[in-house]
Amino acid sequence: MKKENIKSNLVFLDTILKNILDNSINYEIEYDELFIKTFKISFFEEKSNFKSKIVSFVQSKKNLWEYDFELPEKYNSNNAKYLKALDFLEKNELIKLNENVSITYLGIIKLSKDGFYGEYKMERNSKYLQKLVWIVSILTFGIVLWQFISKINLKCI
C-alpha cells in the first residue's frame, strides 16, 4: 500500500474521532451529522434514507457486509469508507454505535496520543532512528577497527 493511502486512511479515522469529540453533545453525534462533518457533503436528503438503515443495522448486530444498504451508486465510495471506518472503530472499542455514534474513553485517549496517524509517524520515525543508530554504530566500529589495525601494522614495520 502506498504511503499516501496509508496516511489518508489513518487521517480519515482520526477525523471521525475528532468530529465526534468536537461536534458532539455528551460525546454523542448523529450518523448524518458525523458524515456531513467528515466528508463536507450530505446525501441523507436522498431517498435511500441511509441514516435509518445504519440505525437498523446497528440494532440488528449483523455482520456489516451481510446488511444491504442499497446505496446510490454515486455514493458507494464514501459510504463504504464511512461504514468500514465505523465498523473498525467500534471493533477497537473507540466508539459505540447505537441510535447515534458516541466516542468512548479509549477513543478520547487515542486522540490525546495524536491518533492513528500520529502513532504511525512516531513508529516510522522510531524505525528510521533505529536504522540510523545501527549505521552509525557499524561505521564507528569500522573506524575504530581500522585505526587499531593501522597501529598494529605500523608497529610491525
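For the numbers below, each heavy atom of this structure counts, side chains included, while hydrogens, waters and symmetry mates do not.
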Next item on the list: Applying side chain to side chain contact (heavy atoms under 4.5 Å, CB included), run through Val136 and Thr140 and close with a yes or a no.
Entry: CA-CA 6 Å; Val136 169; Thr140 303; 3.9 Å; yes
Notebook entry, point to check: Within a strict 4.5 Å, meaning less than it, do heavy atoms of the Thr104 and Ile95 side chains meet?
Noted result: no
Item checked: Straight-line distance of Leu94 CG to Ile20 CD1, nearest 0.5 Å -> 9.5 Å
Notebook entry, point to check: Is there side-chain contact between Leu21 and Tyr27, with at least one heavy-atom pair below 4.5 Å?
Noted result: yes
Item checked: Ser126 side chain to Met122 backbone, donor-acceptor under 3.5 Å -> no
Checklist line | Basic-acidic side-chain contact under 4.0 Å: Lys110, Glu119 | finding: yes
Item checked: Heavy atoms from other residues, nucleotides or ligands near CG of Asn26 exceed 12 (cutoff 6.0 Å) -> no
Margin query: Run Leu111 and Ile103 through side chain to side chain contact (heavy atoms under 4.5 Å, CB included) and show every step you take.
Written below: CA-CA 11 Å; Leu111 281 177; Ile103 190 166; 4.2 Å; yes
Checklist line | Side chain Asn23, main chain Asn19, donor-acceptor under 3.5 Å | finding: yes
Note to self: Just verifying a value: how many Å separate Gln130 CD and Asn125 CG, rounded to the nearest 0.5 Å?
What the structure shows: 11.5 Å
Margin query: Rounded at 0.5 Å granularity, tell me how far CG in Leu13 sits from CG in Asn9.
Written below: 7.0 Å
Checklist line | Leu139 side chain near Ile135 side chain, heavy-atom distance below 4.5 Å | finding: yes
Next item on the list: Carefully, step by step, assess Asn100 and Glu28 under the rule side-chain hydrogen bond (donor to acceptor under 3.5 Å, both in side chains).
Entry: CA-CA 6 Å; Asn100 296 312; Glu28 193 170 273; 3.3 Å; yes
Item checked: Glu33 CD to Thr38 OG1 distance, which is reported to the nearest 0.5 Å -> 10.0 Å
Next item on the list: Kindly compute the distance separating CD (Gln147) from CG (Leu145), expressed to the nearest 0.5 Å.
Entry: 10.0 Å
Next item on the list: Please collect all ring-ring contact (aromatic ring centres under 6.0 Å, His included) contacts where either partner lies in residues 83-124, sequence neighbours excluded, each pair once.
Entry: Phe88-Phe116
Note to self: Any non-hydrogen side-chain atom of Leu86 less than 4.5 Å from a side-chain atom of Leu34?
What the structure shows: yes
Check: With the threshold set at 4.0 Å, does a side-chain nitrogen-carboxylate oxygen contact exist between Asp14 and Lys18?
Finding: no
